[in-house]
Amino acid sequence: MALMDRLPKHLFTTRGWGLLAAGAISLGSAYVMGRRDLLTLAVLLLLLPLVALAGVRVLKPKFQVYREFNPSTVETSSTTTVRLAVARTSYSTGHVIMEEQLPPRFGQPPAFRFPARSASGGTSRYEYHLRSGKRGQFRIGPVTAEFSDPFGLSLRRHSIDDGDLLTVTPAAVELPVTGLAGARGNDGVTATRIRANPSDDDIMTREYRHGDPMRRVHWAATARHGQLMVRQEESVTTPEATLILDQRFSAFATGNGSVFGSHDEDSDLVTSPPFEWMVTAAVSIAAHLSERNYSLRVLDAFGGPAFLRSRSAPDPDAEEFSGAGGLQAIAEGLAAIELSGPRHARAEHHRPENSAGRPRSEAGHTEHPGTGHRDVRTGQAPADAADSVFDDRLMDKLAAHRLRGPLLALLGAMTPAEARTLAPAAAYGANAFALVVSDSSRSSEDVLEILRQAGWRVAAVTAKTQLASAWSSFDEGGIVAAAGAAMDVRRGAAVPR
């Protein structure tokens, strides 16, 4: 029995190996005893498994696989249900053992038998559940089928589909209500009034135009101006917020200059604990503001679309998001966002090399000599390879939406020179808030002071800081500070578009 367990299982079953063994014994007996009947039996016993093996190799059945995730994208630590429908598209006999291939993080691959006992219309349906504690995109599948012949003598295993990608988005943390969002009217919108004269009547009225309903005539203003005046409808605008997401490798490498990526089980994301904290903060802030009917603009540190290099982004070129659909797009874009740009100097000697002697990134992609840049999807140098961080491109984007709402920057470790470059951006937001994420050994009071003096409200955090506490720290200063922020947002919303 121990000998049978050592035999390869991908060619013959135990029954098939038994027939081969019996055929070999019969062949030897026929040679020793000179019996033709034993020779005939030996040939039959040897040929039958071989014919069965050729049959499952040549006449393999074909299948169609339909896989559905419910929900289609899932948050970390939440469960998605995977539904499989498998149908045979060619005639075949015998049983088929199938197995759904999964990344190691999801545990033991589920196995099932085709056809299922509850099969209807030639289609067998199966269901199982998955949960991931980390964000990313994971290949679920393919389904591998283990075919056997009608006599159960031989086996063949191969993939019958290509699998599907499951997107796991970061889960948002509920943030406390603070004064950062400013003051809003009903349904979270801010009313903007035309401020031509100091009189409230003048703010609310204009000259009568042909077609205006008489019920809108403002008689007090008509008597004062000597001509028909009608009430001016308020211009209602949706409040806006701009998020800047720093994705530079050098800003989020840990204290020894390293990151985790390809070493993180089956995930190939180039990331680090501080960067993961920032990703959680980004989705949490986006959800917090979206619930208050804010439209969001999300940019990277170079002024480009924040999700341009995210493999999971539904629209990588998008910068503006609004409503539930916009929030979902942000969450999906954050699912596979990773660090990019030049490697930190202290990490250079940690990088392995490929067979050509070129440095290789932590995700296994060859970097471009001289630049250290790579695109996570194409392997090409990113468009911002020649740009400087926080340069004019970013400033132009912020100036185009000057004072329309709060500006929030999620940043990694910065140098004083980089802080001085970013500092003037505070003037483009109704309020400017920054969370600087780094380990404690690299935090710089000089950087924080430069930003504060330029008008930023700054909080220095680490990967272990509670996000809700960091968010609440912006409200320190009491009711006066919150009221001032509300007035700033109200004034910013009044700027003509």
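This structure is a prediction, so every number in the text was calculated from the model and none was measured. Heavy atoms only: backbone and side chains are in, while hydrogens, waters and symmetry mates are out.
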(request) With sequence neighbours left out, write down each residue that passes side chain to side chain donor-acceptor pair (under 3.5 Å) with Thr242, or none if nothing qualifies. (result)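 For Thr242 the side chain to side chain donor-acceptor pair (under 3.5 Å) partners, ignoring immediate neighbours, are Arg297.
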(message) Between Gln247 and Ser340, do the side chains contain a donor N or O and an acceptor N or O under 3.5 Å apart?
(response)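 No - no donor-acceptor pair under 3.5 Å links their side chains.
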(request) Salt-bridge test for Asp392 and Lys397: reply yes if a basic N is under 4.0 Å from a carboxylate O, no otherwise. (result)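 The answer is no: the pair does not qualify as a salt bridge.
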(message) Before you tell me yes or no, could you show the steps for Ile160 and Met98 under side chain to side chain contact (heavy atoms under 4.5 Å, CB included), namely the whole-Å CA-CA distance, both residues' side-chain angles and the distance that decides it to 0.1 Å?
(response) CA-CA 10 Å; Ile160 61 176; Met98 296 185 176; 3.9 Å; yes
(request) Please identify each residue that fulfils salt bridge (charged side-chain N to carboxylate O under 4.0 Å, His left out) with Glu418, with sequence neighbours left out. (result)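 For Glu418, the residues satisfying salt bridge (charged side-chain N to carboxylate O under 4.0 Å, His left out) (neighbours in sequence not counted) are Arg248.
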(request) Please name all residues satisfying side chain to side chain donor-acceptor pair (under 3.5 Å) with Gln453, sequence neighbours left out, ordered by chain then number. (result)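 Side chain to side chain donor-acceptor pair (under 3.5 Å) list for Gln453, sorted by chain: Glu449.
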(message) Within the 4.5 Å heavy-atom criterion, are Ile450 and Trp456 side-chain neighbours or not?
(response)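 Result no, sub-4.5 Å side-chain heavy-atom pair not found.
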(request) Return the minimal non-hydrogen interatomic distance between Ser312 and Ala336, and the atom names on each side. (result)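 The answer is OG-N, 2.9 Å.
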(request) With sequence neighbours excluded, tell me which residues meet side chain to side chain contact (heavy atoms under 4.5 Å, CB included) with Thr76. (result)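 In terms of side chain to side chain contact (heavy atoms under 4.5 Å, CB included), with neighbours along the sequence ignored, Thr76 is linked to Arg135, Val168, Ala171.
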(message) Testing the basics here: between Arg139 and Gly163, what is the closest heavy-atom pair and its distance to 0.1 Å?
(response)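 Closest pair (atom of Arg139, atom of Gly163, distance): NH1-O, 3.2 Å.
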(request) Please examine the side chains of Leu166 and Thr73, heavy atoms only from C-beta on, and report whether any two atoms are closer than 4.5 Å. (result)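 Thr73 does not reach Leu166 side chain to side chain.
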(request) With sequence neighbours excluded, tell me which residues meet side chain to side chain donor-acceptor pair (under 3.5 Å) with Glu291. (result)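 Glu291 satisfies side chain to side chain donor-acceptor pair (under 3.5 Å) with no other residue.
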(message) How close do Tyr126 and Val86 get, counting heavy atoms only, and between which atoms?
(response)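 In terms of heavy atoms, the two residues are closest at CE1-CG2, 4.1 Å.
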(message) I need the Glu146 CD to Phe114 CZ distance, nearest 0.5 Å.
(response)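 Answer for the CD-CZ pair, Glu146 versus Phe114, is 15.5 Å.
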(message) Using every non-hydrogen atom in the two residues, find where Asp300 and Ile244 come nearest and quote the distance to one decimal.
(response)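 Nearest pair, atom of Asp300 first, then Ile244: O-CG2, 4.0 Å.
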(message) Can a donor-acceptor pair be found, under 3.5 Å and without considering hydrogens, that links the side chain of Arg125 to the backbone of Ala85?
(response)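 Flag not set: sc Arg125 to bb Ala85 has no pair under 3.5 Å.
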(request) Begin with the C-alpha distance, continue with both residues' side-chain angles, and end with the deciding distance and a verdict on side chain to side chain contact (heavy atoms under 4.5 Å, CB included) for Glu320 and Glu240. (result) CA-CA 10 Å; Glu320 300 186 4; Glu240 299 179 6; over 6 Å; no
(request) Answer yes or no: is there a donor N or O on one side and an acceptor on the other, between the side chain of Arg292 and the main chain of His288, under 3.5 Å? (result)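 Side chain of Arg292 to backbone of His288: a pair is present.
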(request) List for me each residue that meets side chain to side chain contact (heavy atoms under 4.5 Å, CB included) alongside Ser290, sequence neighbours excluded, and say none if there are none. (result)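 In terms of side chain to side chain contact (heavy atoms under 4.5 Å, CB included), with neighbours along the sequence ignored, Ser290 is linked to Leu327.
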(request) Flag yes if more than 12 heavy atoms outside Glu68 fall under 6.0 Å of its CD atom; otherwise flag no. (result)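 Counting other residues, nucleotides and ligands, CD of Glu68 exceeds 12 neighbours.
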(message) Would Glu276 and Thr271 count as a side chain to side chain donor-acceptor pair (under 3.5 Å) here? Give the steps.
(response) CA-CA 7 Å; Glu276 290 300 308; Thr271 184; 2.6 Å; yes
(message) Let's go through Leu296 and Ile330 carefully: what are the C-alpha distance in whole Å and the side-chain angles of both, what is the deciding distance for side chain to side chain contact (heavy atoms under 4.5 Å, CB included) to 0.1 Å, and is it a yes or a no?
(response) CA-CA 9 Å; Leu296 304 173; Ile330 291 175; 3.7 Å; yes
(request) Under the ring pair (Phe, Tyr, Trp, His ring centres under 6.0 Å) rule, collect the residues that match up with Phe390, sequence neighbours excluded. (result)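 With sequence neighbours excluded, Phe390 shows a ring pair (Phe, Tyr, Trp, His ring centres under 6.0 Å) to no residue whatsoever.
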(request) Tell me, with the steps shown, if Tyr66 and Leu84 meet side chain to side chain contact (heavy atoms under 4.5 Å, CB included). (result) CA-CA 6 Å; Tyr66 174 76; Leu84 278 174; over 6 Å; no
(request) Could you check if a side-chain atom of Phe138 sits within less than 4.5 angstrom of a side-chain atom of Arg105, using non-hydrogen atoms only? (result)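 Heavy-atom side-chain distance check passes, below 4.5 Å.
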(message) Can a donor-acceptor pair be found, under 3.5 Å and without considering hydrogens, that links the side chain of Ser284 to the backbone of Val173?
(response)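 Here the side-chain-to-backbone pair exists.
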(request) Could you list the residues that satisfy side chain to side chain donor-acceptor pair (under 3.5 Å) with Tyr128, not counting sequence neighbours? (result)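 Counting only residues at least two positions away or on another chain, Tyr128 forms a side chain to side chain donor-acceptor pair (under 3.5 Å) with Glu100.
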(message) Nearest 0.5 angstrom please: Leu451 CG to Arg420 CZ, how far?
(response)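 Going from CG on Leu451 over to CZ on Arg420, the span is 10.5 Å.
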(request) With rounding to the nearest 0.5 Å, note down the distance linking CG in Leu308 to CG in Asp317. (result)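 These two atoms lie 6.0 Å from each other.
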(request) State which residues pass side chain to side chain contact (heavy atoms under 4.5 Å, CB included) with His129; sequence neighbours excluded, sorted by chain then number. (result)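 Side chain to side chain contact (heavy atoms under 4.5 Å, CB included) list for His129, sorted by chain: Thr79, Thr81, Glu127.
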(request) Looking only at non-hydrogen atoms, find the nearest pair between Ser473 and Ala459 and report the distance. (result)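 Of all heavy-atom pairs spanning Ser473 and Ala459, the closest is OG-CB, 3.6 Å.
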(message) A side-chain contact here means heavy atoms from C-beta on lying under 4.5 Å apart; do Leu407 and Leu398 qualify?
(response)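 Side chain of Leu407 against side chain of Leu398, heavy atoms only: contact under 4.5 Å found.
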(request) Spell out, as yes or no, whether a donor-acceptor pair under 3.5 Å connects the side chain of Thr80 to the backbone of Val74. (result)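 Pair absent, no side-chain N/O of Thr80 close to backbone of Val74.
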(message) Enumerate the salt bridge (charged side-chain N to carboxylate O under 4.0 Å, His left out) contacts for residues 163-179, please, sequence neighbours excluded, ordered by first and then second residue.
(response)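 Sorted pair list: Arg67-Asp164.
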(message) Any side-chain to backbone donor/acceptor pair from Ser438 onto Ala413? Under 3.5 Å, distance only.
(response)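 Side chain of Ser438 to backbone of Ala413: no pair is present.
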(request) Find out whether Phe321 and Phe307 are in side-chain contact, i.e. whether some heavy atom of one side chain is under 4.5 Å from a heavy atom of the other. (result)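 Contact flag for Phe321/Phe307 side chains = yes.
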(request) With rounding to the nearest 0.5 Å, note down the distance linking CZ in Phe302 to OG in Ser388. (result)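 Rounded to the nearest 0.5 Å, the CZ-OG separation comes to 8.0 Å.
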(request) Can you measure from CD (Gln137) to CG (Leu165) and round to the nearest 0.5 angstrom? (result)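 If we round to the nearest 0.5 Å, Gln137:CD and Leu165:CG are 5.0 Å apart.
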(message) The criterion is salt bridge (charged side-chain N to carboxylate O under 4.0 Å, His left out); which residues satisfy it with Glu332, sequence neighbours excluded?
(response)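 Counting only residues at least two positions away or on another chain, Glu332 forms no salt bridge (charged side-chain N to carboxylate O under 4.0 Å, His left out).
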(message) Could you check whether any side-chain heavy atom of Leu243 comes within less than 4.5 Å of a side-chain heavy atom of Leu299, counting everything from C-beta outward?
(response)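 Not in contact.
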(request) Using modelled atom types only, decide if a donor and an acceptor are shared between the side chain of Ser159 and the backbone of Pro142 within a distance under 3.5 Å. (result)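 Judged by distance alone, no pair lies under 3.5 Å.
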(message) Once rounded to the nearest 0.5 Å, what's the spacing between atom OG of Ser72 and atom CD of Gln328?
(response)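 If we round to the nearest 0.5 Å, Ser72:OG and Gln328:CD are 7.0 Å apart.
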(message) Are the side chains of Phe112 and Ser124 in contact, using a 4.5 Å heavy-atom criterion?
(response)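 The answer is no; the side chains never approach within 4.5 Å.
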(message) By the definition side-chain contact (heavy atoms from CB on, under 4.5 Å), identify the one residue from Thr280, Val279, Val298 that meets it with Leu334.
(response)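 For Leu334, the side-chain contact (heavy atoms from CB on, under 4.5 Å) check succeeds only for Val279.
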(request) Any chance you could lay out the side chain to side chain donor-acceptor pair (under 3.5 Å) test for Gln101 and Thr144, step after step, and finish with the verdict? (result) CA-CA 7 Å; Gln101 300 303 307; Thr144 58; 3.1 Å; yes
(message) Once side chain to side chain contact (heavy atoms under 4.5 Å, CB included) is applied, do any residues pair with Thr465, and if so which ones, sequence neighbours excluded?
(response)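 Applying side chain to side chain contact (heavy atoms under 4.5 Å, CB included) to Thr465 gives Trp277, Val461, Thr462, Ala470.
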(message) Give me the atom names and distance for the closest heavy-atom approach of Gly455 to Ala426.
(response)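 Closest approach of Gly455 to Ala426: C-CB, 4.1 Å.
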(request) With the side chain counted from C-beta on, respond yes when Asp161 and Phe63 share a heavy-atom pair under 4.5 Å apart, and no when they do not. (result)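 Asp161 vs Phe63: side chains apart.
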